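Everything on this sheet refers to the single structure shown next.
The model shown is predicted, which means the values in this text are computed figures rather than measured ones. Side chains included, hydrogens not; waters and symmetry mates left out as well; all remaining heavy atoms used. Both counts, for ligands and for their atoms, begin at 1 and track the order of listing.
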Amino acid sequence: MKAFDIPEIYKSEFITSIKKGRQENDRMKRDLMPSILDFGKVRIHLARHFGFCYGVENAIEIAYAAINENPGKRIFLLSEIIHNSHVNLALQENGVRFIMDTAGKQLIPWEEINADDVIIIPAFGTTLEMERILKNKGIKQIYYKSKCPFVEKVWTRVSQIADSDYTVIVHGQPDHEETRATFSHSKSVAPSLIIKDMAEALLLADFMMNRRPATDFPEVFRNRYSEGFDATQDLNRIGVVNQTTLLASDTQDIADFLLQTVKEKHGLTESNTSQHFANMKDTLCYATNDNQSAVINMLLMDADLAIVVGGYNSSNSSHLVELCEEKLPTYFISSCDSMVSDQEISHWDIHSRELKTSFSYLPAKEPVVVHLTSGASCPDILIENVIRKLLSYYDLSIDLY
Ligand code: SF4
């Protein structure tokens, strides 16, 4: 895979050497069990895959290229480049300003942006509406290649099924930049609808099977469907694509369920389902799959707790937390600063969406065994720092490894 030029501040020699060793010994990624870092009193299970993905490194490389290639110019990102506060803050310290926040709230009015400004598109891509605004402003320098090629691949699939007259069901978090961008592209070529989870897939099935009047559709899926969507016609042929960073089991369950619904509706057999259902498999990206598979394998081993490092608004990190939580006490932290002491940790609750404080998170036993991983937008140096802090509580050092 291509090597990107990303700033040294994000790198960790320690983590790089572990990743390199695993990669050299297992180029086909067959062994998904974690690396075991045994420090005696502390044993760390480090996931086989974690940290910066292709799309994130690509976006960071291009953002810094934009800074270096445009001295003296004003540089703007449409919104956070990726969902990691450390990376976003470092860009802001280099003079980059954000036009919108992740929810799409305007931070800098469009009137302030002019044709000579430099604009960077985030890794999630952007909506066609936004592209039109930039074009109308006559902005000459737009860094489009910062969007992730795996997101673009989803848009290509959308166009393919639209060409064959399928309605596009986008499974994703409606407020997530990537889902908003995919929906924007999708609705320009086909009737389109966003569903966020299985509960909404069940609601959709009610309309598909005429168990609920089509007149209820606008209210149930308010702001989630393309203009002119006709629930009596547009649910006859569907294809499902998903946000690239969801939980694999969720996307599979939803695709299976909608396929079954289509079969029942049209009385189809295995051989002719394609008349009404475009089989897209899932459109999760390789990093989402690798990181989730690595965690699933890590969870086959016993541990006392899990620590997941990532941005609190990071979808892929949250799903790693979800997987770990099913098995053991899990702490979702943004950096080692969240580890206040060996007794106290401040961590993000993905359900209540608030910071919580837990005490006595490290059990009084030896060795303490910790599962450790991070999301695709988390720099390796943050993982190294978590290991260092953990070890310091036991008078241990990373040099012992
Ligand atoms: S998580 Fe996947 S889709 Fe998102 S930026 Fe990384 S490689 Fe691209």
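A distance of 6.0 Å or more separates the ring centres of Y54 and Y286.
Taking the ring-ring contact (aromatic ring centres under 6.0 Å, His included) definition, one finds that F76 meets it with nothing, sequence neighbours left out.
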Assess the residue pair W348 and I333 against the criterion (side chain to side chain contact (heavy atoms under 4.5 Å, CB included)); give the C-alpha distance rounded to whole Å, side-chain angles, the decisive distance to 0.1 Å, and a yes or no.
CA-CA 6 Å; W348 186 253; I333 62 175; over 6 Å; no
Passes side chain to side chain contact (heavy atoms under 4.5 Å, CB included), Y64 versus N94? Steps please.
CA-CA 9 Å; Y64 280 90; N94 275 283; 3.8 Å; yes
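A 4.5 Å side-chain heavy-atom check between T357 and F359 finds at least one atom pair inside the cut-off.
At a cut-off of 2.8 Å, measuring from atom 8 (Fe) of ligand 1, the protein N, O or S atoms that fall short of it are C148 SG, waters left aside.
Cation-pi geometry between K19 and F50 is met: the NZ or CZ atom falls under 6.0 Å from the ring centre, inside 45° of the normal.
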